[in-house]
Amino acid sequence: MSSFSLLSPNIQKKIWEMRWERFTPIQDNAIPIISNTTKDVVISSGTASGKTEAAFLPILSAIEESGQKALKVIYISPLKALINNQFERIEKLSSYCHLAIHKWHGDVGQNKKKKFIENPTGILQITPESIESLFINRTTYLSKIFGEVEFIVIDEIHAFLDNERGVQLRSLLSRMQPYCHKRPRIIGLSATIDNFDFVKQWICPDDPEQVEIIQANGYEKETRYYLMHFDTEKNAQLPLELYEDMRDLTKENSSIIFCNSRSLVEEATVMLNRLAEKDGLGETYYPHHSSIDKKEREYVEKMMQETTVPKGVVATSSLELGIDIGNVDLVVQLDSTYSVSSLKQRLGRSGRSTGSPHMLQLYSTTAPSLLSSLAVMELVLEGWVEPAKGYALPYDILFHQVLSLLQEYNGIKREELLELLGENAVFRKLPKEKMELLLAHMHEADMIERIQGSGEYIVGIEGERVLRSKEFYAVFMTPEEYEVVSSNRKIGTLHKGIDISEGDHIILAGRLWRILQIDNKRNKVYVEKTVGAKPPRFLGEGGEIHPRIREKMMEILCSDEEFPYLDGKAQEILEDMRTIYRIKHIQPKQRIIKKQREDQVFYTFTGTIIVGTLWRMLQVLGVKAKIGNLDTLTLPSEYNLLQVLKTIQEKDWDVQELLAATPAEQMFFSKFSPYLPQELIADMHIAHQLDIEETIRYLKRYEFVVLGE
DNA sequence: GACCTGCTGCGGGTTG
């Protein structure tokens with residue numbers, strides 16, 4: 001235990017008390033670097049590898065004394081639930097150190113917040129949105145809170161790398177800096193990710209090379225996995241045999257059953273409980289997704305932690321991040337995930353104790369889903385994950401942060417504002433003239449005003465309206481919802497915009513309900529218990545699929561490789577899909593266009609952004625195409641597609657042409673984009689949705705083969 | 001062709 005001697009006596013005492021025999025590999029690697037250097041650190045490894053302790057043991061040792069007088073550590077989490085989980089964990093570790101630990105998020109009462117503000121010491125656990133609220137509502141306390149901070153720990157940092165929420169958080173970290181006596185060290189905790197260069201840049205843009213990456217060396221748990229296929233007709237309910245198989249598998253094991261939609265979670269829960277009832281066991285499966293009431297979800301989480309008999313939780317990605325539901329034996333994935341990192345994270349949730357293997361059961365219900373499941377699983381086995389790439393162009397968050405900054409400074413000179421933005425890690429690279437354009441636009445719309453005389457900017461009348469809303473703090477979009485209520489008990493929510501009527505029967509939170517009344521004014525739906533119902537629909541958007549997954553699918557189609565983890569039916573379906581590729585000797589460097597009687601289908605096998613760009617290019621050339629399942633392009637057979645693709649390749653594309661062909665309702669859209677001038681929305685659309693260079697490279701890289709009827 | 005995340009201050013009412 002070489003790391004042991006680096007820790008303070010009180011922490012050592014705690015470790016003796018907990019009877020730890022050894023540190024995990026990640027802890028052994030992290031403790032010396034956090035203790036003996038002043039570097040920023042990323043600790044990257046799977047769930048349950050002891051990352052929290054790897055960071056907090058040395059941090060608590062370092063701040064044990066000074067932390068009793070001032071706030072020394074800010075722990076930032078993407079989830080309130082994670083803060084609540086980690087609160088107990090960190091409190092336990094620090095029980096001999098006399099350090100205060102404070103929770104601050106939307107569910108924490110005003111009294112506790114007031115108490116902390118008056119005497120900020122020790123450790124603060126907080127969400128990005130609540131940090132935003134400090135800058136807006138507690139401006140006079142910022143020096144007192146941030147002045148002595150030495151460590152900023154960011155949990156699940158991978159959840160912040162590619163989205164607007166991460167831009168907001170990174171901006172807030174930059175905004176903290178002027179209040180801190182010295183730059184706090186940033187410690188990121190992450191699931192396994194790729195592209196560490198990007199992460200280093202994110203953490204410390206001024207000196208990325210000083211950031212140290214710590215990974216567990218080599219040791220990986222044994223993984224057992226199996227894929228079964230149950231062919232299902234389009235839009236039909238999943239076959240009973242599938243549910244029976246799933247029931248058998250989860251009868252004697254605790255499990256998480258991941259589904260790709262909330263509706264399916266509801267359907268599967270009811271079906272599995274019916275089967276369990278036949279065994280005389282009653283309710284042993286519980287649904288978990290974001291449209292189920294929070295209290296109900298917390299009950300399920302707690303019950304999973306404490307149960308001694310095998311139970312199953314049927315979930316969406318709501319259980320993908322580190323919410324503690326205890327250990328489960330088995331993870332089931334119903335149809336392919338949309339990303340490799342998602343499957344990897346889900347897989348990591350199985351394995352009851354350190355000795356027992358990860359267990360994963362994949363099911364597929366359609367041929368394309370089988371192929372995708374296989375590709376994603378093979379990429380997990382190869383150790384590949386989607387690389388972090390960031391949020392392309394953050395003008396929407398710039399708008400948001402300008403309002404928040406004006407509130408924070410309560411009047412600021414134009415030059416000072418531009419200087420602050422120029423120092424901000426996420427806005428510094430934006431062109432000056434675009435920033436000026438945004439300020440002029442905000443001024444014109446009364447979002448901001450200039451005080452006569454001093455010329456300082458302040459929040460304008462319209463800006464107040466945006467800033468003073470509780471919707472302001474979070475930068476991501478949320479759908480409008482009804483609250484579903486039964487005799488004064490909250491059950492969950494339904495999306496507005498989905499067709500529902502009084503008298504409809506729905507499944508929600510694993511139970512069957514009849515809709516009594518829809519109150520559009522109060523956004524409430526009143527229900528009563530019933531029998532016989534279908535799950536409701538929810539709104540959703542298609543996401544982005546990385547090209548590598550599609551390429552892998554094509555490689556699988558073109559090879560003879562056998563996958564021993566497939567059942568007979570899956571092998572049969574795969575062989576079926578492979579036939580035409582074998583007969584025509586198709587290679588992975590080729591892509592095929594199947595001519596049919598009335599149309600032709602182009603099997604692109606590349607990522608969504610490239611297909612989207614290609615589709616827009618076809619439109620500019622007057623070629624009408626439809627994007628279908630698996631990102632295929634279907635177009636009338638009269639076109640000579642080979643000729644068209646050649647034209648696209650040789651044309652000198654101007655992105656403005658593609659933009660001009662894009663109707664307003666298909667332009668980039670986010671929570672704050674409606675407040676931007678057209679020019680900046682267009683810039684964002686280009687940066688986020690179009691990739692001419694990659695699309696041309698794709699066309700050059702592959703050979704396209706036309707197959708007849 | 002989907003999923004997930006977050007939130008102030010204040011006024012008015014209710015509950016222990």
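Chain naming here is simple, since letters A, B, ... match the order of the sequence lines and numbering starts at 1 in each.
A:Asp107 is linked by a salt bridge (charged side-chain N to carboxylate O under 4.0 Å, His left out) to A:Lys80, A:Lys294, counting only residues two or more places apart in sequence or in another chain. Under the side-chain contact (heavy atoms from CB on, under 4.5 Å) criterion, A:Ser342 pairs with A:Glu320, A:Thr337, A:Ser339, A:Arg346, not counting sequence neighbours. Judged as a ring-ring contact (aromatic ring centres under 6.0 Å, His included), and not counting sequence neighbours, the contacts of A:His102 are A:Phe116.
At a threshold of 4.5 Å between non-hydrogen side-chain atoms, the residues A:Leu467 and A:Gln407 count as touching.
For the pair A:Lys294 NZ and B:dC4 C1', the interatomic distance rounds to 15 Å; values are reported in whole Å. Following rounding to the nearest Å, A:Phe160 (CZ) and B:dC4 (C1') show an atom-to-atom distance of 12 Å. One can place CD of A:Glu266 at 15 Å from C1' of B:dA2, the figure rounded to the nearest angstrom. Rounded to a whole Å, the NE2 atom of A:His495 is 11 Å from the C1' atom of B:dC4. B:dG1 atom P lies 15 Å from atom CE of A:Met553, rounded to whole Å.
The side chain of A:Arg165 contributes no N or O atom lying less than 4.0 Å from OP1 or OP2 of B:dC4. Residue A:Arg297 has a polar side-chain atom (N or O) positioned under 4.0 Å from OP1 or OP2 of B:dT5. Checking the phosphate oxygens (OP1, OP2) of B:dC4, a side-chain nitrogen or oxygen of A:Thr316 falls inside 4.0 Å.
Nucleic acid contact for A:Thr608: base, since at least one base atom lies under 4.0 Å from a heavy atom of the residue. Using a 4.0 Å heavy-atom cutoff across all strands shown, A:Asp631 reaches at least one base atom of the nucleic acid.
Evaluation of the salt bridge (Lys or Arg N to Asp or Glu O under 4.0 Å) test over residues 127-144 of chain A, restricted to residues two or more places apart or in two chains, returns A:Glu129-A:Arg165, A:Glu132-A:Arg175.
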task: Determine, for nucleotides 7-15 of chain B in 5'-to-3' order, which nucleotides have protein heavy atoms under 4.0 Å from the base (write B), from only the sugar-phosphate (write S), or from neither (write -).
output: BBS------
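A:Lys295 has no carboxylate O lying under 4.0 Å from a charged side-chain N of A:Glu298, or vice versa, which leaves the two without a salt bridge.
Looking at DNA chain B, no stem turns up: there is no run of 3 or more consecutive Watson-Crick or G-U wobble pairs with key distances under 3.5 Å.
Of the candidates B:dG6, B:dC3, B:dA2, B:dA2 carries the atom nearest the A:Tyr338 side chain, counting heavy atoms from C-beta on.
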